[in-house]
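Structure, as structure tokens:
These values consider heavy atoms only, across backbone and side chains, with no hydrogens, waters or symmetry-generated copies. Here is the naming used below: chain letters follow the sequence lines, and residue numbers restart at 1 for every chain.
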Amino acid sequence: MATLLPVGTKKGLFLLRSDDDRKAWELEGPLLPGWPVYHAIVDPRDGVLYAATNSFIYGATVHRSSDLGQNWERAEELGLPEESGLKLNATWHVEPGTGSELWLGGDPGVLFRSDDGGVTWNVNRGLLEHPTRENWQPGAGGMCCHSIQVVDGTIYIAISAAGAFRSEDGGDSWTPINKDVAADFHPEKYPEVGQCVHKLLAHPARPDRLWQQNHCGVYRSDDRGDNWERLDGNGLPSDFGFALALDPGDPDVAYVIPEVSGEQHFTPDGRLGVYRTGDGGASWELTSNGLPGRAWAAVLREGFAYDEGGLYFGTQSGSVWSAPHGGGEWIEAAGNLPPILSVEAARV
Amino acid sequence: MAVVLLPGALAAEAGGQKRFEVEATTVGEALRQLSVANLLFDEVGELRRLVNVFVDGVDVRGGRLLDEPLTGQSEVRIVGAIAGG
């Protein structure tokens, strides 16, 4: 078995492979050259590689490959119903479900389900026709459904800037879960919906625990999103950022890569740093061993991944960094790639 | 048979084939036969805004576009808008 990182970039998809020491990485690509790849995964159920691909000329789609990128097929049916008055602007995130289904998040705040391995995609009506939709507003990246977590029979999604939602009936209905999550840019600071979630993750071993990096703070919930506790300060240099990762072996651990502010999308203090909490967010410490000390970097919302073996993130300046959990040394797995849009981790 | 010519990015999506011969009386009829049709048209069947079409060297966006008639000797060339970084 090897660790495989599908790295989505503005100019195509790259694959990074390493054995278990994760110190030497082989680079393959670009695959799908010319296609901006917003997100790519290897489905652990069958090894199929999926890429959320978006061309400013030819539109938004999903490519899939059963041989890790040697041959590709494209979604045959993917779009929004004409009566909705909406058109699909972008595909953002592919997530395996708990059965054989696949989920796909997109812009404008939409979710699709595929039951045929990504050939055709059906829009989720519960979200498309959500009664609060008129109160959703697109952020700078569009109104993207970028986070999908399927755990313990529950589906969580997050949309910028509509907030986080939970479904306990397989996606038929969606409950906003944004209590006590700030929307400082909104006329009402704590609205029901409209929060700008940047990334939401559920802990795989403790599924009632959710984390989110928001436009306005870092949050943790221990009750499936019913209540949120704000966690920034206590060692974090900024409440703003996009990237978020967890440790599957310890639900009290989380990692963020702060940026200066919503106006200055680069890392603070002129360095690239990952901040780790080991106590559920009560305190944070900088882990930067091996990372460049002079840097004004940015890591996008899909640019941070984790598995049992470690952490992996990619920068908009084209570097992929890898480290073991717990604050070990960061290694540059690849550099000089096109701007990196996403990083995921798989075992192949 | 009219001929349809694809740019490189679309040809890659069509298995590497750049040139297609099609039986069609209009541009729309020709384009909808292609395996890359869902990259040319959006979900409501409109030609994507940045897909340009030339028939025998003439940009048909300024004319009848999808209704532009074709003959057996027509050459339809698809050209993506030039932009980006």
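Atom CG of Asp42(B) is separated from atom OH of Tyr58(A) by 15.0 Å, given to the nearest 0.5 angstrom. Separation of atoms CZ (Arg74(A)) and OG (Ser35(B)) is listed at 6.5 Å; rounding is to 0.5 Å.
Across Leu10(B), Leu39(B), Leu50(B), the residue that shares the most heavy-atom pairs under 4.5 angstrom with chain A is Leu39(B).
Within a 6.0 Å sphere centred on CZ of Arg49(B), heavy atoms belonging to other residues, nucleotides or ligands number 12 at most. Under a cut-off of 6.0 angstrom, the local environment of CD in Glu28(A) is crowded, with over 12 non-hydrogen atoms contributed by other residues, nucleotides or ligands. In the displayed structure, Asp67(A) atom CG is contacted under 6.0 Å by more than 12 heavy atoms of other residues, nucleotides or ligands. Residue Arg113(A) qualifies as enclosed at atom CZ: its count of foreign heavy atoms under 6.0 Å is above 12.
Under a 3.5 Å cut-off, the side chain of Arg48(B) and the backbone N or O of Ile57(A) do not form any donor-acceptor pair. Formation of a donor-acceptor pair under 3.5 Å by the Asn38(B) side chain with backbone atoms of Ala75(A) is found in this model.
Heavy atoms of Glu73(A) lying under 4.5 Å from chain B are absent altogether.
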>> Determine whether Trp35(A) and Glu13(B) satisfy the following criterion, side chain to side chain contact (heavy atoms under 4.5 Å, CB included), listing intermediate values before the conclusion.
In response: CA-CA 11 Å; Trp35(A) 283 91; Glu13(B) 294 293 320; 3.2 Å; yes
> Between Glu82(A) and Glu43(B), does a side chain to side chain contact (heavy atoms under 4.5 Å, CB included) hold up when you go through it step by step?
Replying inline: CA-CA 8 Å; Glu82(A) 188 167 5; Glu43(B) 58 261 69; over 6 Å; no
